[in-house]
2 protein chains.
Amino acid sequence: MILENEANPVKQPTILDVAERAGVSKSLVSLVMREPERVSDTSRAAVLAAAEELGYRPNAVARSLVQRRTMVIGVVLSDLHNPFFADVADGIEEAAFQSGYRAMLSSGFLNPKRERGAIDTMLDLRVDGLIMLGSMMKVSKIEKVAAALPVTLLGRHTRSKALDSVGADDSAGAQEAVDHLVSLGHSKIAHIHAGTAAGAPRRRSGYEKAMKRHGLSAHIRSVRGAFTERGGAQAMTEILESGDVPTAIFAPNDFAALGAMEVIDAGGFDIPGDISLIGYDDLTLSRLPRIALTTIGQPRVDLGREAVHLVLERLDENRDSARHVVVPPSLVVRSTTGPPRDDVS
Amino acid sequence: MILENEANPVKQPTILDVAERAGVSKSLVSLVMREPERVSDTSRAAVLAAAEELGYRPNAVARSLVQRRTMVIGVVLSDLHNPFFADVADGIEEAAFQSGYRAMLSSGFLNPKRERGAIDTMLDLRVDGLIMLGSMMKVSKIEKVAAALPVTLLGRHTRSKALDSVGADDSAGAQEAVDHLVSLGHSKIAHIHAGTAAGAPRRRSGYEKAMKRHGLSAHIRSVRGAFTERGGAQAMTEILESGDVPTAIFAPNDFAALGAMEVIDAGGFDIPGDISLIGYDDLTLSRLPRIALTTIGQPRVDLGREAVHLVLERLDENRDSARHVVVPPSLVVRSTTGPPRDDVS
DNA sequence: AACGGCTATTGGAACGTTCCACAGTGTTGG
DNA sequence: CCAACACTGTGGAACGTTCCAATAGCCGTT
């Protein structure tokens, strides 16, 4: 008895095995797999039967080699834990599948070095296009990657000539947030900003623009925070300790809003009685009843779909100039916003 | 002027281009890429310089074809949104990378058909091994896949002879939950169970076992719920409406606990004053101060690492019998559990 | 009877690597 | 001074497909 010493449990059948069994040439088997209608009924049946019996499965590696296409779109997410990206990835997988492509994901672990590694892996595997979700790398580095294949940046704005991008209109979203608060009667509306992080500057300028539009320039107040729970908490602490407490807070995203919420709760203030709070992103957890955060939602699945289209335009329609797509966000009203206590303060 | 009509922005250089430029054979270039120390200093320098100038990057597709190995471990997650899987995936990527492999993720969208599609993609791409996170497919179908490559099931128990598995000890975790409640003085402890869903039966039997061990057989009470917010809410509603309200609830997971929490809150009961609540899984959101759920945590990153090792044992060490690894869970105490109001009821 | 035009099928080259047997070229030691 | 051996480097086969030009067979037309 001879022991099988292969690492692989079973050697998989190749197109030649199928051809031999069906009594035809390998070319015909290949044709049956790709364009069955172009083969005679008898041959097709024989090939299909042989393939079935052997459990044949075309080797995508070999196919990719000769076609110089993998039909795979690589997706590098900066953070697997961010539920926002999960929704976007859904849209990406969906759209890719419908166009005959498949999506493969890899995580960057919120770390530019590891993100670089993830990209290299994708490049080695010769994916046909790349979508970067919330990348933390420098645009100039990403542009170098874009010289080799179509790259779309998602959730981050750029004016790059080499790169496509798709994102929500952060300025418009911020203005919607302010409009909502003003319509409730607020005027002392403070903003926690997240510095120069992706999307943060536009949210801040949208806030300022809307405040001016409502004649509230005097009340503009931006406090430095970050896109994290901690950043939101620190900024909120600073605001409370200043003694001058606004009636409403516009946080740069939901995580920061959550941090602010904790500090407001701990300070003995009521939300929204004393302070209204609005976030940005509409995380899944923001709709939990105990949280019930009013926020600005982004059309996540659409974002994913749009990103795939941008890649495919370059791949299948030879577009070679950059496109930057902007989609509108929308307000989601829940329980953390309401009219200020003293309408006439 | 001739227009470049290629779909690919730039044709990537091959090993032959590098060889020509460096004035050596392709074999030598290959050797420099794989075992640089076996090449003379001058040749190595020449090859490296040529590769650098050309921006050469070995084609993993071609390499995989000849080596019949892709050095990729496929990970099929049943749901990208489940933060539990995100942590596990971290462990997987980490461990795979350290062993020279790379992990590629794909989502099954909580749908057995699409999960099947994700697996087929992985199989076509000839990944070397497969890890399934919280799969929704029948074990018998997965066993067929396991005939072609090493497969590890994570977060789901099986006694399969063809498949490896790794999971936390759900029975032990459930017992820890009960032990904790009993040590606080509870005796009327009800359990919301999730039927036959993955892991649910063991959590239920662990609950019953612990109750018996504490001489509380008379108080055993399992109400049908599910692994979702909604399922938890429905079961909790049923419990409250029964008139016989226990002093503590052990939910089958954190999502269900969240649902129960909403119903308890809405019913005007205090947590943990009137009712203590304990979940299972330790989701990231469970540690938000407004939630602060006491729960049973699983060593997620370790689970991921262990899954990779199981795959690699088959791949690199030729193991061919199934292994089922169980890791112990641990209690995480937060604010939803406390002593019952009337210690002497 | 020869030919043109179909349709169905085939063999071989190509894709970009790795792997292996082998060929030079010194160097060492008997 | 030559056999043995390291050390470097090379050419060709192989991996499993797709693609393309070529062929075989058949039918109808002149």
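Here is the naming used below: chain letters follow the sequence lines, and residue numbers restart at 1 for every chain. Computed from a predicted structure; not experimentally measured.
- Looking at A:Arg102 and B:Asp120, no side-chain N of the basic residue comes within less than 4.0 Å of a carboxylate O on the acidic one, giving no salt bridge.
- Among the protein residues, A:Ser43 comes within range of the sugar-phosphate backbone only, with heavy atoms under 4.0 Å from sugar or phosphate atoms but none that close to a base.
- Backbone-only contact: A:Val24 has heavy atoms under 4.0 Å from sugar-phosphate atoms and none from a base.
- With rounding to whole Å, B:Arg38 atom CZ is found 11 Å from C:dC20 atom P.
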Between N or O atoms, less than 3.5 Å apart, protein on one side and nucleotides 22-26 of chain C on the other: list the pairs.
none

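- Among B:Val72, B:Leu105, B:Thr121, the one residue that satisfies the side-chain contact (heavy atoms from CB on, under 4.5 Å) test with A:Met104 is B:Thr121.
- As a whole-Å value, the separation of B:Glu20 CD from D:dT10 P is 14 Å.
- The local environment of CD in B:Glu52 is sparse, with at most 12 non-hydrogen atoms from other residues, nucleotides or ligands closer than 6.0 Å.
- B:Val39 comes within 4.0 angstrom of sugar-phosphate atoms only, judged by non-hydrogen atoms across all strands, and of no base.
- Within 6.0 Å of CZ in B:Arg38 there are 12 or fewer heavy atoms belonging to other residues, nucleotides or ligands.
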message = side chain to side chain contact (heavy atoms under 4.5 Å, CB included) for A:Arg63 and B:Asp124? Distances and angles first, verdict last.
response = CA-CA 10 Å; A:Arg63 172 186 302 159; B:Asp124 286 351; 6.0 Å; no
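- Using a 4.5 Å cut-off on side-chain heavy atoms (C-beta onward), B:Val29 and B:Val32 make no contact.
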remark   = B/S/- along nucleotides 17-26 of chain D (protein heavy atoms under 4.0 Å) is BBB-------
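- A search for side chain to side chain donor-acceptor pair (under 3.5 Å) contacts involving A:Glu53 returns A:Arg21, not counting sequence neighbours.
- With a 6.0 Å radius and a threshold of 12 heavy atoms from other residues, nucleotides or ligands, A:Glu20 has its CD atom at or below the threshold.
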